[in-house]
Amino acid sequence: MRLEQRYGDGHRVLVSGGAGFVPSHLVDALIARGCTVVAVDNFVTGSKENVAHLADHPRFTLVEADITEALPEDHPAFADRFDAILHMASPASPTDFTTRPIEILRVGSVATLYLLERALADGARFIMASTSEAYGDPQVHPQPESYWGNVNPVGVRGVYDEAKRFSEAATMAYHRSRGLDVGIVRIFNTYGPRMRPDDGRAVPTFISQALRGQPVTVHGTGNQTRSLCYIDDLVRGILLLLDSTETGPINCGTEHELSIRELATKIIELTGSSSEVVFVGRTADDPEMRRPDLTLARTRLGFEPVVPPDEGLRRTIEYFRRTMLASA
Ligand code: UDP
């Protein structure tokens, strides 16, 4: 299946959280298609460096604003209508769940409503970046979109999981009651260049530890699993959803499921490190296993992830090596 590219030359796209890890790669892809891109970010977890290469690009504007307060409607970049709005903003790492719980709740609720209203006013397509965390600690494996999940609303991760579930509900409400053109993507574990080395997630933590020759800290037994997707594959999936008329939710990720212990060993091997694996305490409500059912993504979007795990990890390790050297 091949979908027509609906958004390209001459289209104006707003990306919330545009200086973050995943959204900054989306911004690159949209610019490459010929779109005019406005990225809005408050730099709580996003970084200007992620979009620094676009600073002088004629079709790119970076607006600093906290969209949980209000959209920066008086900024010139917000004067003309947007053709598409991608709501990608949110702190999203386990460290953020404890250090920024209120910010996470607000960006996944108040800010979602602001952006939905703007999409409605503009007649824009609205893409909601949701998450595999919507399934919580799943009791169905792999996870199809029809599974309602197993979320602890009052647990530490609840702020993220429930904010994203609220965002999904809000998106569907605008679609059903106002006829808004929407697409919801449930993003599974994604990795690649521009992740923050200290964000507490497994891939950047393990790579940083291995490159420094420090012990690689596996939580619990390390038998818990994740399915890792390289950023380029995810970006392609999100753009396929953008170009489609699918409402979703649609899972996006890979079926390369591996245990966290295997991931630690693989990263030690690929970095050529002498680090050892150490087993430390497990975090609360940590999902035991996670793998997307990709049937919908394949049949509705023609999505297929193509980057092999070792290749994606090599590219990511290279990025960390470079940035660690630069900041040394
Ligand atoms: N993890 C780990 N050591 C670390 C960081 C993470 O063993 O230093 C584990 C974590 O407990 C979880 C898995 O790796 O079981 C994936 O964690 P990550 O934060 O990358 O993704 P998420 O839990 O959000 O899927």
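Remember, it's 1-based here, ligands and their atoms both numbered in the order they're listed. Note: hydrogens, waters and symmetry copies are ignored here, and every other heavy atom, side chains too, is used.
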Chemist: Counting heavy atoms only, which of Thr225, Ile260, Asn223, Val277 comes nearest to atom 13 (C) of ligand 1?
Modeler: Ile260
Chemist: Could you tell me which atoms of ligand 1, counted from 1 in the order shown, lie closer than 4.0 angstrom to a heavy atom of Glu133?
Modeler: 24 (O)
Chemist: Any N or O on Arg201 sitting closer than 3.5 Å to an N or O of ligand 1?
Modeler: no
Chemist: CG of Asn251 to CD of Glu145: how many Å apart, nearest 0.5 Å?
Modeler: 3.5 Å
Chemist: Does Gln209 reach ligand 1, in the sense of a heavy atom lying below 4.0 Å from it?
Modeler: no
Chemist: What atoms of ligand 1 come closer than 4.0 angstrom to any heavy atom of Arg290?
Modeler: 22 (P), 25 (O)
Chemist: As an exercise, identify every atom of ligand 1 less than 4.0 angstrom from a heavy atom of Asn189.
Modeler: 21 (O), 22 (P), 25 (O)
Chemist: Quick one, His57 and Val37 - any side-chain contact, counting heavy atoms below 4.5 Å?
Modeler: no
Chemist: One residue to check: Gln224. Relative to ligand 1, which of side chain, backbone, both or neither has a non-hydrogen atom less than 4.0 Å away?
Modeler: side chain
Chemist: Taking only heavy atoms of Thr217, which atoms of ligand 1 are found under 4.0 Å from at least one of them?
Modeler: 2 (C), 3 (N), 4 (C), 7 (O), 8 (O)
Chemist: For atom 19 (O) of ligand 1, what's the nearest protein heavy-atom neighbour? Residue, atom name and distance, please.
Modeler: Pro94 CG, 3.1 Å
Chemist: Quick check: is Phe206 connected to Met195 through a chain of hydrophobic side chains (ILVMFWY, heavy atoms under 4.5 Å apart)?
Modeler: yes
Chemist: Can you pull the salt bridge (Lys or Arg N to Asp or Glu O under 4.0 Å) pairs that have at least one residue in residues 91-100, sequence neighbours excluded?
Modeler: Asp96-Arg100, Asp96-Arg196
Chemist: Is there a side chain to side chain contact (heavy atoms under 4.5 Å, CB included) between Leu239 and Arg33 once you walk through the steps?
Modeler: CA-CA 11 Å; Leu239 291 181; Arg33 277 173 165 224; 3.8 Å; yes
Chemist: Quick check against the 3.5 Å criterion: does Arg59 have a side-chain atom that pairs as donor or acceptor with the backbone of Cys35?
Modeler: yes
Chemist: Flag this pair as yes if the NZ/CZ of Arg194 is under 6.0 angstrom from the six-membered ring centre of Phe21 and inside a 45 degree cone about the axis; otherwise no.
Modeler: no
Chemist: Considering only the protein, which heavy-atom contact is closest to atom 1 (N) of ligand 1, and what is its distance?
Modeler: His219 ND1, 3.4 Å
Chemist: For ligand 1, which atoms, with element, lie under 4.0 Å from some heavy atom of Val218?
Modeler: 7 (O)
Chemist: Please could you name the atoms of ligand 1 that Thr205 approaches to less than 4.0 Å, counting only its heavy atoms?
Modeler: 8 (O)
Chemist: Determine whether Val235 and Ile184 fall in the same hydrophobic cluster, where Ile, Leu, Val, Met, Phe, Trp and Tyr are linked whenever their side-chain heavy atoms lie under 4.5 Å apart.
Modeler: no
Chemist: Could you give the distance from NZ (Lys164) to OG1 (Thr171), rounded to the nearest 0.5 Å?
Modeler: 9.5 Å
Chemist: Determine, using heavy atoms of Arg282 and all atoms of ligand 1, whether some pair is separated by less than 4.0 Å.
Modeler: no
Chemist: Can you tell me which residue and heavy atom of the protein come closest to atom 24 (O) of ligand 1, and the distance to 0.1 Å?
Modeler: Arg157 NH2, 3.2 Å
Chemist: Return the residue, atom name and 0.1 Å-rounded distance of the protein heavy atom closest to atom 16 (C) of ligand 1.
Modeler: Arg226 NE, 3.7 Å
Chemist: If I apply the N/O under 3.5 Å rule, does Ala202 come out as touching ligand 1?
Modeler: yes
Chemist: What class does the angle between the rings of Tyr191 and Tyr230 fall in, given that below 30° is parallel, 30 to 60° is tilted and above 60° is perpendicular?
Modeler: perpendicular
Chemist: Checking a contact table here: which protein heavy atom is nearest atom 12 (C) of ligand 1, and how many Å away?
Modeler: Asp286 OD1, 3.4 Å
Chemist: Has Gly200 got any heavy atom lying under 4.0 angstrom from an atom of ligand 1?
Modeler: yes
Chemist: Do Val151 and Met289 sit in the same hydrophobic cluster, where Ile, Leu, Val, Met, Phe, Trp and Tyr count as joined when their side-chain heavy atoms come under 4.5 Å apart?
Modeler: no
